[in-house]
Protein chains: 2
Amino acid sequence: MEKKLPTIKEIARRLNISASTVSRALHDHPSIGLRTKMAVKKLAAELNYEPNQTAIFFKQRKTFTIGLVLPNLREEFFSAAINGIEDVAMDHNYIVLIGQSHDDLAREQKLIESMKNHRVDGIIASISSSTTHIGHFEQMKNYEIPVVFFDRVPDAKDIHSVSCNLYDSSVEAVEWLIKNGHKRIAFLQGPPTLNMKNERLDGYMEAHKKHKLAVDESLIVSTDLSVEGTQKAFDSLMLLKKRPTAILSFNDYVTLDAIHYARQKKLTINKDICFVSYANVPVTQYVEYPPLASVEQFPYDQGVSATELLFRLIDKKTARQEAPYENIVLKSELIIR
Amino acid sequence: MEKKLPTIKEIARRLNISASTVSRALHDHPSIGLRTKMAVKKLAAELNYEPNQTAIFFKQRKTFTIGLVLPNLREEFFSAAINGIEDVAMDHNYIVLIGQSHDDLAREQKLIESMKNHRVDGIIASISSSTTHIGHFEQMKNYEIPVVFFDRVPDAKDIHSVSCNLYDSSVEAVEWLIKNGHKRIAFLQGPPTLNMKNERLDGYMEAHKKHKLAVDESLIVSTDLSVEGTQKAFDSLMLLKKRPTAILSFNDYVTLDAIHYARQKKLTINKDICFVSYANVPVTQYVEYPPLASVEQFPYDQGVSATELLFRLIDKKTARQEAPYENIVLKSELIIR
DNA sequence: ATGTGACAGGCAAACGATTGCGGAAAATGC
DNA sequence: GCATTTTCCGCAATCGTTTGCCTGTCACAT
């Protein structure tokens, strides 16, 4: 039942010429005469010949595939980033292998291993929240597989990365709250692993300093991003004698969970408590009480930028050139509703 | 600078034995003596040998890769489905190539083409809303690449598919509305291409018939899933002399758009107009006015089921067996808030 | 007639791993 | 001690394509 797909050898056999001639003819190599070239192309078209990519991958040591490892696809931030990645990849005739770590280190490692086995030409990654070390990524250097981190970038030297400048917009966000009369502003941060390079917190601090506001350490709490973790963090804030009037929170999803919980607790949003957040995901448009402002992180652009960087690295590798470590920082923007 | 990865040949050279012996030793072939086997495994471990998968892919005519083509990743329905697909794939040591059609036929075709070139072992697809013909999928038969459709299944014979029984729950949804006193129930359907096998509409009709309610054709409108399309459809319903009191609508995203628009028009949700929908995506939990009920379509389970079916097909192909066309229908469930 | 060069195309190796077949050496049988 | 079986391993082909190098055939100039 199996239909044999036509090969170069088959074409060569039928035309009584050699396989190398066929190959060159199909590639418009100058040393092939017009007559034979035409004959080859004609027969190739008739047989519906298509080169066996796996053979080419094998020979060329290239798979025209990039691997993408990220925490999940549920968050619109990541699915938007994929759009950028996919668009650039498609332009380069590449295709994307995908894997979700679900914020689990072991799974992330397994995915990287699997992508290495598949000999991807490069990897784009946003690390899981439980990624405490990045040995599995560093290993890729041994296989000459370039890795570009985006958004969730590990705090390490000698890596390539694309991320957003959250420092400036964090300052801006807090200043905006201060300008609106808030004096006790809480900071609900993510898990420690994602805080290594804590631009959000640094900006939070800077804004306080700039406006000569003391920072109350008890206003700084953190969540593991789970609903329960967020609720616990929120509870600890509400138990304070002097409650905050506003919360700057890790991202929109955490914020939505917090708002949902606050309403269960009979708090009035934007009166008892205000929220400012990060990500500015479109779904917040549909909710009743969205955060008052959110920092747009341009996931599509981050995806595009990361992929373009990756292709530069792949090209350099092909050309056997050294590539300096690049850490691209894109602008973010505080969007006020 | 390039580190040569160790190969079987390299091990053979160092041990002064043949490559075939090394290969067999690593595979615990019985005809290899214990001494040589040990020596090979020891050296392989020292050199950190790992088989070149691309060579194996090429030789075995298998890539241990499945392709996944779907409209988009933004909708939680699809990202949830991917979770199921990825989990099953991982169990089988497979990895997933992903591509978004963005509801564009040309792009879908290009993705299929690309996946074919990469010689994926199988394809799982949910068709785009502009997919008027499925020739590009049918082509895959020539390459012996099995295709399983899920959720958005084309209305064609000789295909494999996994979908949800939307007929029963559509009946149930309409009956629920009737029971709650609604007599004029509109039906906001998707674009024609996705309505070939219109279980939603059939269920809508059946419920009316069952309850001896006449169907008013002007209450049946459709959207191309865009915000504007949905608004236009909604407008046409509101222009009727006898407006509907409830709308059964294609999916939660369309519904959210419609609700958003209705509120702009100063309509009071659940009083002037009620909504019942499909998909039951989690994000509706966060919105102020979610649909009153939504049909859960169990995307994770659909993903699992589709992938398991695909692996059965791949196995049969490997065993050179015929596989009858399977069309699996899973249960859906009306979730009332 | 000889040399020079351009042109057209073939040979064979290579990429890395797998596998049918065959054969030498060692172990066993009688 | 010779035949036979078993154990262990190598040879070579194969998958489909690419590519460096070589060869043969003309045409043209000298």
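A note on names: the letters A, B, ... follow the listed sequences, proteins ahead of strands, and every chain is numbered from 1.
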Q: Kindly point out which of C:dG9, C:dG10, D:dC15 is positioned nearest to the side chain of A:Thr36?
A: C:dG9

Q) Just how far, in rounded Å, is P of C:dA24 from CD1 of B:Ile32? A) 18 Å

(Q) Let's see if you can work this out: which of D:dT17, C:dC11, C:dA17 has an atom nearest to the side-chain heavy atoms of B:Ala55? (A) C:dA17

Q: Provide, to the nearest angstrom, the distance between the CD atom belonging to B:Gln53 and the P atom belonging to C:dA17.
A: 10 Å

Q: Figure out the NE2/P separation between B:His29 and C:dG20, and round it to whole Å.
A: 8 Å

Q) When we call it a touch if two heavy atoms are under 4.0 Å apart, what does B:Thr7 touch: a base, just sugar-phosphate, or nothing? A) sugar-phosphate

Q) What nucleotide, of D:dC8, C:dG16, C:dG10, holds the atom closest to the side chain of A:Ser18? A) C:dG10

Q. Salt bridge check: are A:Arg152 and A:Asp103 linked by an N-O gap of less than 4.0 Å?
A. yes

(Q) On DNA chain D, does the nearest nucleotide to B:Pro30 precede the nearest nucleotide to A:Pro51 from the 5' side, or the other way round? Give the residue. (A) B:Pro30

Q. Under 6.0 Å between ring centres, would you say that holds for A:Phe57 and B:His118?
A. yes

(Q) Any side-chain to backbone donor/acceptor pair from B:Ser161 onto B:Phe149? Under 3.5 Å, distance only. (A) no

Q: Between C:dG10, D:dC11, D:dG16, spot the one nearest the side chain of A:Phe58, thanks.
A: D:dG16

Q. Could you state the CD-C1' distance from A:Glu50 to D:dT17, rounded to the nearest angstrom?
A. 15 Å

Q) Among B:Thr65, B:Ile66, B:Thr63, which residue meets the side chain to side chain contact (heavy atoms under 4.5 Å, CB included) test with B:Ile95? A) B:Thr65

(Q) Tell me the interatomic distance from B:His27, atom NE2, to C:dT18, atom C1', rounded to whole angstroms. (A) 8 Å

Q. Tell me, which pairs form a side-chain hydrogen bond (donor to acceptor under 3.5 Å, both in side chains) where one or both residues lie in residues 298-312 of chain B, sequence neighbours left out?
A. B:Asp87-B:Tyr300, B:Arg312-B:Glu326

(Q) Can you classify the ring geometry of B:His160 versus B:Tyr325 as parallel (below 30°), tilted (30 to 60°) or perpendicular (above 60°)? (A) tilted

Q) For A:Ser23 and D:dT18, is the shortest distance between a side-chain N/O and OP1 or OP2 below 4.0 Å? A) yes

Q: Using only heavy-atom distances, decide whether a donor-acceptor pair under 3.5 angstrom links the side-chain of A:Thr54 to the base of D:dC15.
A: no

Q) Can you tell me how far P of C:dC15 sits from CD1 of A:Ile8, to the nearest Å? A) 19 Å

Q. Using a cut-off of 4.0 Å on non-hydrogen atoms, how would the nucleic acid contact of B:Phe57 be classed: base, sugar-phosphate, or nothing?
A. nothing

Q: Determine the contact category for B:Arg24: base if any of its heavy atoms lies under 4.0 Å from a base atom, sugar-phosphate if only primed atoms, P, OP1 or OP2 are that close, otherwise nothing.
A: base

Q) Between the two end axes of the helix from C:dA1-D:dT30 to C:dC30-D:dG1, each built from 5 base pairs, what angle do you get to the nearest 10°? A) 60°

Q. How long is the line joining NZ of B:Lys9 and C1' of C:dT18, in whole Å?
A. 12 Å

Q: Check the distance between D:dT19's C1' and A:Arg61's CZ and give it to me in whole angstrom.
A: 14 Å

Q) Charged N to carboxylate O under 4.0 angstrom, B:Lys110 versus B:Glu113? A) no

Q) Which listed nucleotide (D:dT17, D:dT14, D:dT19) is nearest to the side chain of A:Lys59? A) D:dT17

Q) Any Lys/Arg nitrogen of B:Arg107 or A:Glu86 sitting under 4.0 Å from an Asp/Glu carboxylate oxygen of the other? A) yes

Q. To the side chain of B:Ile56, which of C:dG10, C:dT18, D:dT18 is closest?
A. C:dT18

